[in-house]
Amino acid sequence: MIDSKVSLNAYTDSVNAETDEARKAAVKRHMTACAAMWTSGCPRYHKLGTLETPDFVAMFIPVEPAFLVALHEDEGLWRYAYEREVLLVGPTTLLFVIRIVDNLWQQELQARACGRHEPRGRVI
């Protein structure tokens with residue numbers, strides 16, 4: 001599951017800020033917007049009724065500098081999100097995460113296929 005609904009308004013304000021104080025205040029609002037996304041938005045994907053739910057939700061921040069600012073401002077941010085089953089990803093890491101998930105799914109499919117064929121092998 002990839003969610004990219006994080007607001008970038010505060011990040012834009014930080015880039016356009018004319019004073020250091022205004023920039024710091026905007027960065028703080030950006031951090032609040034990021035935190036709000038994974039504390040209120042992402043957990044809803046883990047409660048989808050009878051459907052098999054994802055182990056992690058990838059929170060995609062589509063602007064690389066906004067992603068980097070968030071990680072730079074709070075060094076524990078990535079771990080905090082990870083402990084809540086949220087992977088923080090930016091444009092440079094999204095494709096790697098997708099490939100890793102694809103590889104894991106392929107391994108799971110192969111393991112299931114082997115499990116189905118094992119009884120036949122024992123008979124032979």
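At a threshold of 4.5 Å between non-hydrogen side-chain atoms, the residues H30 and T32 do not count as touching. Within the 4.5 Å cutoff, no side-chain heavy atoms of E85 are placed close to those of V57. K24 places none of its side-chain heavy atoms less than 4.5 Å from the side chain of K28.
Residues passing the side-chain contact (heavy atoms from CB on, under 4.5 Å) test with A111: none are found, sequence neighbours excluded. Applying the ring pair (Phe, Tyr, Trp, His ring centres under 6.0 Å) test to F67 and every residue at least two apart in sequence or in another chain returns nothing. Under the side-chain contact (heavy atoms from CB on, under 4.5 Å) criterion, A26 pairs with D13, S14, R29, sequence neighbours left out. Applying the side-chain contact (heavy atoms from CB on, under 4.5 Å) criterion to N103, with sequence neighbours excluded, gives R99.
In the displayed structure, E21 atom CD is contacted under 6.0 Å by at most 12 heavy atoms of other residues, nucleotides or ligands.
Side chain of T12 to main chain of L8: a donor-acceptor pair is present (N/O by atom type, distance under 3.5 Å, no hydrogens or angles).
Taking all atoms of both residues into account, the shortest heavy-atom contact from L87 to W78 is CD2-CZ2, 4.2 Å. A70 and C34 get closest at one heavy-atom pair: CB-SG, 4.3 Å. L77 and L71 make their closest contact through CD2-N, 4.1 Å (heavy atoms, listed as atom of the first residue, atom of the second, distance). For the residue pair F60 and G90, the shortest heavy atom distance occurs at CE1-C, 3.6 Å. Minimum interatomic distance between P91 and I61 (heavy atoms only, all atoms of both residues): CD-O, 3.3 Å.
Counting Ile, Leu, Val, Met, Phe, Trp and Tyr side chains that sit under 4.5 Å apart, directly or through other members, L104 shares a hydrophobic cluster with I100.
Each side chain to side chain donor-acceptor pair (under 3.5 Å) pair with one or both residues in residues 60-76, not counting sequence neighbours, appears once here: E64-T92.
The CD1 atom of I98 sits 9.5 Å away from atom OG1 of T93, with the distance rounded to the nearest 0.5 Å.
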